[in-house]
Amino acid sequence: MHPAFSVIFLTTLIGAGQGLFLALYTSELYAALGLLPAQDDPVYFGIGALLALVLLAGGLLASFFHLGHPERAWRSAARWRTSWLSREVIALPAFMGAVTVYGALHFFGWNPVIAVLGGGTAFHLTAAVGAVGVVLCLTLFLCTGMIYACLRFLQEWASPLTVINFLLLGTASGFTLATAFAAWTGRGLTRFFGGWALILLALAFLARVSSLIRNARLRHKSTLQSAIGVRHSRIRQISQGAMGGSFNTREFFHGRPARLVTTAQWVFLLLVFAVPAALLGVGLTRGGAGWLAAAFLVQYAGLVVERWVFFAQAQHPQNLYYQAA
Amino acid sequence: MTQLALIIDLNVCVGCSACVTSCKEWNTSGSAGPLVDLNPYGADPSGTFFNRVQTFEIGSYPNTQTVHFPKSCLHCEEPPCVPVCPTGASYKRPEDGIVLVDYDKCIGCKYCSWACPYGVRELDEDRRVMTKCTLCVDRIYDETLPAAERKPACVLACPTNARLFGDVHDPESEVSHLIREQGGYTLMPEWGTRPANHYLPPRRTTHRIQPDQLVRADNPLKKERQLPMPALDEPALDDVTSW
């Protein structure tokens, strides 16, 4: 497939924004359960939610560049019964709304206790709003992943690993950002977020490498024989019906040498997993928001490469019809 | 239930691309607006076509066979492009099974083209909406045309009658007979899309001759062998030779 930068930025930016929100909410929940010191700084949650919102809005903005008619984008919420894309179009603004309410409640201090459990554990209004946000966040991860995983003949994508990777990579990058954010605001949550970031990074590594191995061993169901319905072991295309390329040759090919895809694969393994893990390790042991911010920036650049490879590696069966001019 | 479709006889198609040009001519003149031509006279021409003829060489020289392969929307009975459309711009008409795009609703997200394994949808670079074969829906129901011309433009243009148009759900239609009797098949059956368009396979023309067809084994006059029997490549003449 042709990797479109609009979609690459959409999926990576909203992934990081979703992960950051999950990190914020995790810290609130841990604090409510008494596992962390009380988190009652309205600015910390307010700015954190704003940062998540900026990432989500950036992703949403990037997605408009993918459309031929952005002014008609509102129509795309219509077919949520059948289309995962339509579901994502609904889930993203809904989640952004939840993050806005969550951040505003914290920032302006409209946060009454709504329930007290036995043992004196108090739950604030934001815990309930945040829980709605978590459900919407996971729904959004599911929708984003299923947009790709539901195309059954794009066999590189048609796997639960696609959804798992979107979830884990997004969450890992969000927690890395939360680590840097916590170090910058000096809330004493750096090690908490850093630890989770490393755990999520390890899980994401396992899942992404599994999908790379799966794709390398994949046998495609469609062949040139089934594509044109001629049973012969030697078929050669001599004309594709267009001399100078067409939508079919532009949209479904990455147009780069195969070696670049292999190289990019190693580059993203380094930039998404190895380098940020090392930077997180250094930042957590020696302190310093600079290392942690660098970890997030390197990881984000790596995720852009990762998403590029995700598209470039997918072999669309229509390419069988476009092998030679 | 009606399911209109094209039947393409690969045994007859000569690859002249008359269907391609006539399709473009009809559809670029329609009310939906022209199909773009980018750089038409330059070195790298590109544009929107609903139908293209591809060519494949089967086998290796000298035992080769050239197959010309016209490719357009197959109007699948389970179209994977329709449910993925977020706006409902892509739809399959229940009354005749034609898969269409509402150009006024299409947002140009290209997701339907990703969801089509056959690569028959093309984004028009100028109108920035997804376009595809309409089975000449603005022509086949046009009662101002003579009945014989109420067919897709490609079908009318084909000089060898390689393209046929009809209802594949009607078991007695001409196209259904052809599919049944001449081994009509669908493309990429492995994905369960159930294309409505069928292809008739390219066939080798053979004529088997048995030895007794060369020798008159049942000569009623019993003249065999009584007169000189010339070699096979020499002329034979009644009452002079004994064949």
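Within every chain, numbering begins at 1; the chains are lettered A, B, ... in the order of the sequence lines, protein sequences first and strands thereafter.
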Under 30°, 30 to 60°, or over 60°: which ring-plane class applies to [X] and [Y], parallel, tilted or perpendicular?
X	Y	answer
A/F5	A/F9	tilted
A/Y321	B/Y118	tilted
A/F95	A/F21	perpendicular
B/W114	A/F311	perpendicular

Side chain of B/T186, backbone of B/R194: donor and acceptor closer than 3.5 Å?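 Such a contact is absent between B/T186 side chain and B/R194 backbone.
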Check: B/D167 main-chain N/O paired with B/S173 side-chain donor or acceptor under 3.5 Å: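 Here the side-chain-to-backbone pair exists.
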Top contributor to chain B interface from [options] [non-hydrogen pairs under 4.5 Å]:
options	result
A/K221, A/M1, A/R72, A/Q318	A/R72
A/I147, A/N319, A/T249	A/I147
A/S86, A/S83, A/G241	A/S83
A/L85, A/T223, A/L154, A/V89	A/L85

Residue part contacting chain A, namely of [X], when any heavy atom lies under 4.5 Å:
X	answer
B/T64	neither
B/C85	backbone
B/P201	neither
B/E125	side chain

Can you confirm if the NZ or CZ of B/R121 lies within 45° of the ring axis of A/F247 and under 6.0 Å from the centre of its six-membered ring?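 The answer is no, since B/R121 fails at least one limit relative to A/F247.
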Pick one of side chain, backbone, both or neither for [X], based on which atoms fall under 4.5 Å of a heavy atom in chain B.
X	value
A/A227	both
A/L224	side chain
A/L151	side chain

Which residues pass the side-chain hydrogen bond (donor to acceptor under 3.5 Å, both in side chains) test with A/H254, sequence neighbours left out?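 None.
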Just so I understand: if I count every heavy-atom pair under 4.5 Å between each of B/C116, B/S17, B/P80 and chain A, which residue has the most?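 Option with the greatest count: B/C116.
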Among B/I107, B/V120, B/D104, who wins on heavy-atom pairs under 4.5 Å with chain A?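 Highest number of pairs under 4.5 Å: B/I107.
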Side chains of A/R208 and A/S211 only: does a donor on one sit below 3.5 Å from an acceptor on the other?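 A/S211 and A/R208 do have a side-chain donor-acceptor pair below 3.5 Å.
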